[in-house]
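A quick note: this is a predicted structure, and the numbers were derived from the prediction, not measured. First listed ligand is number 1; within each ligand, the first listed atom is number 1.
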Amino acid sequence: PASEQTTVLPIDPERPDPAALALGGQLLHEGRLVAFPTETVYGLGANAFDDQAVRRIFAAKGRAANDPIIVHIANAAHLSEVVLDTPDIVHALAARFWPGPLTVVLPKSPRIPDSATAGLPTVAVRVPRHPVAQGLLGAAGVPIAAPSANTFTRTSATTAAHVLEDLGGKVALILDGGPAPIGIESTVIQITGDEVRLLRPGAVPAEAVDAVLAEFGLARATGTQPARPAGSRAAAGTVQEAAPALSPGQMLKHYAPRARVLYFEGPAEPARAAMRQAVRDELARGHTVGLLLCHEDGPLFTGLVSGAEPPGQLAVEELGSCADLAVIGQRLFAAMRRLDARGVDVICARSLPTGGMGLAIADRLTRAAGGNVIHVP
Ligand code: TXA
Ligand code: MG
């Protein structure tokens, strides 16, 4: 249906109510859409075996038809329902990371409709850890195709309120299990024979994947394939037409707030200085500015408002200690949405170390900036 009556149902994230899960499972069987929390972000789910239902996901999100969707299963025993065969390395990765935020791309089973994979011969699969996601998979009894529950190219939803904001009237049910605990999407890897490639950095650190590969004498194929070199906004505008995308998580203009994002990449000291200057310049032009800061940077950005500007010209989101990337990742998307809600013209952020979760944070900020990466030597 073009328009749905959206029900938001609170659900205990630890011990989800079986009746609520059963309702979700029944709606999925009817071919309708159910949004639910995973440990990473909220997902917009449909029965993965139901072509029409999967198409409804694309319509609801305004998602480009060349952007394939992750299929969620309850455990590795269900892999044979969705992929052609399971190489040993996948069993090893599953044993180490499932349930959890690792997605593997493998040759697809014919049971998975082409709509879910955007016509690709491969399907992305993961086993989510969140009890509500697990419970919904159990109640549905089918794999659940679910992209992040946000409007296409926008910041992923980490709360039920975010889902409602983007998809109210387009989804039958939102299971509200509180904030998504990790806040950054899964790591996506593609496995082709012996070649393993990182398609999207995410909540499982690339180093942790490498450790399992090393046990098999394998090394990850080099490069995280950043969409394209940091470049013009024009380049960003063309990526949606590039079809079919290898992995559209690679699209440059993705995870983007409405505001223009300036991302300062480089060593801490010069990056902070360049960012301070840019903030001054933007304020002087009369723009409202939002800052995504780690706690230690806070004091450096006080005193930038002279008093001549209208009140509220500067909005600050402190994400947590620069050293605690897990906390920063958990809060990042929600903070971008809050700055957007305040209507800021520009959002400024600087790069942090890229170890562990840092690689995913850098990736999301780069894409949020849609090419506006300012490299500071
Ligand atoms: O944490 C997550 O992964 C969340 C939760 C809901 O599970 N889902 C999510 O889905 O982030 P989505 O659709 O927003 O991102 C899926 C990513 C995209 O980068 C997409 O291009 C890639 O996975 N992908 C899906 N199928 C693929 C395929 N067959 N080949 C290559 N990349 C694929
Ligand atoms: Mg997404």
Side-chain angles (χ1 to χ4, degrees), residues 34-46 48 54 57-58 60-73 82-84 97-109 112-130 132-134 136-137 143-158 162-163 166-167 175 180-192 197-204 224-225 227 239-240 242-256 329 333 360 363-364 367-368:
V34 176
F36 59 97
T38 81
E39 67 276 21
T40 56
V41 299
Y42 273 69
L44 175 63
V54 170
I57 292 177
F58 286 86
K61 286 195 61 155
R63 188 178 177 104
N66 66 359
D67 195 357
I69 292 176
I70 294 175
V71 172
H72 299 70
I73 54 176
V82 298
V83 306
L84 274 188
F97 298 113
W98 284 355
L102 180 73
T103 297
V104 296
V105 174
L106 289 165
K108 85 174 189 74
S109 150
I112 297 297
D114 288 340
S115 52
T117 66
L120 292 173
T122 54
V123 62
V125 190
R126 89 174 182 99
V127 174
R129 178 164 73 208
H130 197 291
V132 173
Q134 277 287 331
L136 187 64
L137 282 162
I144 299 177
S148 51
N150 51 281
T151 301
F152 187 55
T153 77
R154 291 285 172 211
T155 310
S156 295
T158 57
H162 298 159
V163 181
D166 280 17
L167 299 170
L175 295 172
I182 297 176
I184 296 274
E185 302 86 344
S186 64
T187 301
V188 182
I189 59 173
Q190 177 145 23
I191 298 166
T192 318
R197 193 171 284 277
L198 180 65
L199 297 184
R200 178 179 73 179
V204 169
T224 58
Q225 307 186 347
V239 291
Q240 285 187 37
L246 251 183
S247 184
Q250 300 177 85
M251 280 186 286
L252 195 47
K253 181 83 177 171
H254 220 123
Y255 312 107
F333 288 144
D363 173 78
R364 304 307 185 266
R367 293 177 200 288

Honestly, for E185 the part within reach of ligand 1 (heavy atoms, under 4.0 Å) is both
| message | Taking a cutoff of less than 4.0 Å between a non-hydrogen atom of the residue and any ligand atom, is K108 in contact with ligand 1? | response | no
Candidates V105, I184, I182; heavy atom nearest atom 30 (N) of ligand 1 found on V105
Of I70, L137, T40, the one forming a side chain to side chain contact (heavy atoms under 4.5 Å, CB included) with P128 is L137
Practice task
For the Mg ion (ligand 2), decide whether N150 has an N, O or S atom at a distance under 2.8 Å.
Solution key: no
Quick look: T117 vs ligand 1, heavy-atom contacts under 4.0 Å, and the answer is neither
Examine distances only and state if a side-chain atom of T151 and a backbone atom of R154 form a donor-acceptor pair shorter than 3.5 Å. no
T40 heavy atoms within 4.0 Å reach ligand 1 at atoms 1 (O), 2 (C), 4 (C), 5 (C)
Q.
Could you check whether T38 and R126, counting side-chain N and O atoms only, form a donor-acceptor pair closer than 3.5 Å?
A. yes
Checklist entry - Would you say ligand 1 has an N or O under 3.5 Å from any N or O of R200? => result yes
Min over S148, P37, A203, S186 of heavy-atom distance to atom 3 (O) of ligand 1 lands on S186
The answer for which part of E39 has a heavy atom under 4.0 Å from ligand 1 is neither
Could you check whether any side-chain heavy atom of P181 comes within less than 4.5 Å of a side-chain heavy atom of H130, counting everything from C-beta outward?
yes
- If you measure every N/O of K61 against every N/O of ligand 1, is any gap under 3.5 Å? no
Checklist entry - With distance as the sole test, does E39 use its side chain to make a donor-acceptor pair with the main-chain N or O of R129 at under 3.5 Å? => result yes
key: Residue pair S156 / E185, side-chain donor-acceptor N/O under 3.5 Å   = yes
Shortest non-hydrogen pair, L44 vs A60, comes out as CD2-CB, 4.1 Å
